[in-house]
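What follows is one structure encoded as structure tokens, with my remarks underneath.
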Amino acid sequence: MEPPKERVKFIQTDLVLPYHYYAGDYKALYLRALKDKKILGSKCSATGKVFVPPLMSSPDAHAPCEEIVELPDKGIVTTFCVVNVPVYGRDIELPYVVASVALDGADVSIYGLVQECKAEDVEMGTRVQAVWKPDGERQGDHTDIKYFKPTGEPKAPLESFIHRL
Amino acid sequence: MKAPTSVEPMSQRMTVQFPYKRSTGEVTGRFLAGLKEQKKIWGRRIAGQGVVVPPNSYSEVDAKSGGEWVEVKDEGTITAVGIVAKPVADLHPSDASFAYVLVKLDGADTSLAHIVKDRLGELKVGARVKAVWAPDGERKGTIRDIACFQLVG
Amino acid sequence: MSKLRNVAIVGFAQAPIVADDPHRTAPEMLYPVVKQALKNANVERKDIDYQCAGSSDYIDGRAFSFSQVMEVMGAWPPVQDSHVEMDAIWAAHLVWVKMQAEECDTAIIAGFGKVSEGSPMHVLNLQLDPFYHASLGLDHVSTSALQASAYMAKAGVDDAGLAEVAARNRAAGAKNPDTQLRQAVSAAELQKTPFVTSPLREGYLPPIGETATCLVLAAEGKAEKMCDKPVWIHGVDHRIELQTIGARDLTSSASTKLAAKNAFAMAGVKGVNDAQVVELGSTTPVEELILRDALGLSSGLGGKADGPVVNPSGSPLCANPLMNTGLLRLAEGFRQLSGRAGERAVSGAKRAVVHASAGHCLQQNIVWVLGTERRWA
């Protein structure tokens with residue numbers, strides 16, 4: 001005698017794993033400051049480069065970044081893409097722009113939407129400014145900046161941000 | 001401003017879920033079908049290992065494939081026992097205190113891991129236990145088609 | 001044994017082992033540790049040829065978790081980097097092999113794991129096969145309890161015997177400023193602690209803890225410049241056993257026995273009693289007893305009076321920061337042989353045997369022999 005020839009082909013093993021993540025002091029400081037419409041970065045003690053969100057150490061110089069600096073909420077679009085298909089969980093009229101924004105004084109970029117303009121009006125070098133959620137609605141997380149909008153200032157020349165791409 | 005010190009910790013709870021549908025393969029798939037359809041426990045006679053229960057499609061000793069099916073009894077002897085005092089949610093198969101056991105089923109040369117839910121105080125290495133089967137219609141083709149083991153006598 | 005390259009441990013640093021560090025992420029815990037280890041070895045990051053880390057994605061709760069620490073280990077200019085999804089002591093072994101192949105002369109080995117952010121019981125369940133064992137909800141404490149019950153039945157050891165082993169480790173831990181549990185507790189007190197999974201009581205199990213660690217290895221020629229007392233690797237081997245816990249003899253450790261035999265042969269020593277210090281990666285009293293048998297240490301609970309000192313650090317029973325636990329054993333060997341063991345120093349120690357384990361019920365075991373002198377002329 002033998003077990004049935006017709007085997008059980010699959011078993012369902014749904015893993016359910018509980019986690020309790022800590023942001024760490026650097027990210028906690030950064031996120032809480034957004035509530036007050038402040039964007040914080042950290043400065044490398046060896047190279048002077050400014051990282052935003054702030055890092056404890058610089059990736060390139062392996063040096064501590066112990067100084068916290070406040071950055072303006074203005075900068076330039078370095079690179080960007082135009083989204084033409086709907087993304088689950090994001091209810092925005094198509095097409096829209098997702099951009100890499102180098103804030104003035106920062107050596108790395110953060111990501112954000114660019115709104116209040118046509119997608120075709122966004123270029124590399126377009127000057128933009130953060131549009132914040134109104135007072136009382138900001139929670140201290142990355143959605144506190146709703147999006148960036150063009151400031152209307154002249155476009156920055158490529159040479160001025162090519163090192164930040 | 002200096003680097004952050006003694007910032008109030010910020011944290012977030014999150015449950016990470018991975019839905020995996022795992023292919024059983026020929027030997028595990030037929031072993032599980034034996035539990036589900038026949039209420040029988042099948043082992044494989046594998047060179048170098050004897051009758052292996054639960055069975056693999058290969059020898060864990062020398063990685064050779066092969067072997068023949070051998071039916072073993074659904075009753076056997078406890079070779080190891082640990083009683084879980086406070087079961088952990090979303091992990092352990094019981095809300096109340098229960099025991100894990102390794103059982104060398106009669107006719108097998110290796111021990112099967114399973115659980116015992118009753119008479120925990122009487123469990124010990126050498127004690128005899130028998131499988132309690134999940135009822136017809138509730139067996140799904142998993143190791144839990146044996147609902148648990150219970151002490152004999 | 002043919003002649004191999006002399007490789008030494010030349011530096012080590014660790015973060016304090018704590019139940020939970022709510023202020024720092026894993027890379028933030030590791031960064032100052034890497035900097036300190038480099039400082040301890042009198043070098044800059046640019047002097048290091050190779051880096052390798054040991055960690056686990058499931059412990060950290062993120063995919064490709066190793067990528068988060070590259071920057072804090074040093075990533076630029078582009079470095080040689082590797083990773084093992086194992087305790088960092090296996091990363092140290094990988095680096096030792098790299099050095100034998102003359103691919104590098106200096107290396108840093110890092111361990112990290114934010115154990116407090118996840119549930120070790122849920123995570124270690126996933127080390128078992130999904131069909132027959134993981135789906136029963138088996139966790140590492142339960143499998144250790146199964147092993148303990150099998151060993152106790154065979155060897156005739158009782159609850160008091162387990163308490164005695166645990167108490168001896170807790171007493172040793174009280175002298176180790178770098179471990180987590182630093183209070184001596186008597187066997188009688190430990191026997192009053194509740195069962196977690198019988199026969200294992202709370203007092204016979206390690207606390208939940210986390211840390212970050214960094215070890216510096218260097219080959220002969222460079223090692224002497226990096227450390228006043230380099231600790232040389234004389235032998236190493238690791239072996240693995242069957243995954244199915246019911247298909248192997250849980251009451252002995254064949255893999256430790258074989259790994260030790262090979263490591264001793266490489267080191268040119270007769271056996272474990274040629275060492276003055278033995279550091280075991282035992283996370284339960286029963287694991288210690290099984291390992292003592294496997295290594296050929298006198299199996300009596302106290303050991304022979306003239307035998308090596310076992311677990312001067314207090315063993316993983318005093319601190320078990322997953323992914324670092326093994327590397328901390330190697331660090332203890334380094335500290336004992338290089339005059340860095342403080343109050344718990346074993347006097348006159350010239351040779352150490354270090355063990356670490358991975359998997360459920362001592363599934364995989366690594367054994368190292370360390371010495372104060374170079375192994376090969």
Side-chain angles (χ1 to χ4, degrees), chain A residues 1-36 38-46 50-58 63-71 105 139-144, chain B residues 1-45 53-55 57 67-72 74 88-93 107 139-145:
Chain A
M1 231 188 115
E2 285 202 351
K5 292 264 189 260
E6 189 64 31
R7 65 190 170 93
V8 173
K9 290 193 174 61
F10 301 99
I11 64 164
Q12 194 72 33
T13 59
D14 294 338
L15 310 186
V16 179
L17 300 168
Y19 291 99
H20 182 209
Y21 298 108
Y22 288 109
D25 287 356
Y26 277 74
K27 288 185 196 72
L29 206 65
Y30 169 78
L31 291 168
R32 290 210 179 95
L34 293 175
K35 209 170 175 177
D36 302 323
K38 285 182 182 169
I39 302 173
L40 301 181
S42 66
K43 191 181 240 181
C44 173
S45 58
V50 171
F51 301 104
V52 57
L55 296 174
M56 178 190 260
S57 62
S58 59
C65 302
E66 286 169 343
E67 189 187 343
I68 300 292
V69 295
E70 191 179 331
L71 294 156
Q139 301 287 323
D141 64 40
H142 67 275
T143 66
D144 285 349
Chain B
M1 208 188 318
K2 275 296 284 178
T5 50
S6 311
V7 173
E8 188 196 333
M10 181 184 280
S11 65
Q12 183 168 6
R13 291 194 183 277
M14 202 180 282
T15 302
V16 177
Q17 303 196 47
F18 299 92
Y20 284 119
K21 191 179 169 190
R22 299 185 190 271
S23 301
T24 54
E26 184 69 20
V27 167
T28 302
R30 291 185 71 187
F31 167 79
L32 295 175
L35 301 181
K36 185 183 176 189
E37 310 294 342
Q38 300 172 319
K39 294 210 297 189
K40 284 182 189 297
I41 303 176
W42 292 92
R44 297 273 285 180
R45 191 184 305 281
V53 183
S57 59
E68 63 190 67
W69 290 104
V70 180
E71 187 186 343
V72 298
D74 68 353
V88 175
D90 293 328
L91 175 68
H92 289 145
R139 291 189 302 277
K140 295 169 184 162
T142 76
I143 194 71
R144 300 291 307 282
D145 286 352

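To find a chain, count down the sequence lines: A is the first, B the second, and so on, and within it residues start at 1. Only this structure's heavy atoms are used, side chains among them; waters, hydrogens and symmetry mates stay out.
With rounding to the nearest 0.5 angstrom, the OH atom of A:Tyr21 is 9.5 Å from the CD atom of B:Gln12. From A:Asp141, atom CG reaches atom CE of B:Met10 across 8.5 Å, with rounding to the nearest 0.5 Å. Between the CG atom in A:Leu15 and the CG atom in B:Asp90 there is a gap of 11.5 Å [rounded to 0.5 Å]. In this structure, CD in A:Glu6 is found 9.0 Å from CD in B:Glu37, a value given to the nearest 0.5 Å. The line from OG1 of B:Thr28 to CZ of A:Arg7 is 9.5 Å long, rounded to the nearest 0.5 Å.
Distance alone, capped at 3.5 Å, is enough to place a donor-acceptor pair between the B:Gln38 side chain and the A:Glu2 backbone. At least one donor-acceptor pair closer than 3.5 Å links the side chain of B:Thr24 to the backbone N or O of A:Val8. Remark: the backbone N or O of A:His20 is not paired with any side-chain donor or acceptor of B:Arg13 at under 3.5 angstrom. At least one donor-acceptor pair under 3.5 Å links the side chain of A:Arg32 to the backbone N or O of B:Glu8.
Looking only at heavy-atom pairs under 4.5 Å with chain B, the residue among A:Gly24, A:Ala28, A:Pro18 that has the most is A:Ala28. For chain A, the option among B:Met14, B:Gln17, B:Glu68 with the highest count of heavy-atom pairs below 4.5 Å is B:Met14. Put simply, of B:Trp69, B:Phe18, B:Trp42, the one with the most heavy-atom pairs under 4.5 Å next to chain A is B:Trp42.
Across all non-hydrogen atoms, the minimal contact from B:Ser11 to A:Tyr22 is CB-CD2, 3.7 Å. The minimum heavy-atom distance between B:Tyr20 and A:Asp14, with the atom names listed, is N-OD1, 3.7 Å.
Residue B:Lys21 touches chain A through both its backbone and its side chain, counting heavy-atom pairs closer than 4.5 Å. Residue A:Lys43 does not touch chain B at all, counting heavy-atom pairs closer than 4.5 Å. Residue contact with chain B, scored on non-hydrogen atoms closer than 4.5 Å, involves the backbone and the side chain of A:Thr13 alike. Neither the backbone nor the side chain of A:Met56 has a heavy atom closer than 4.5 Å to any heavy atom of chain B.
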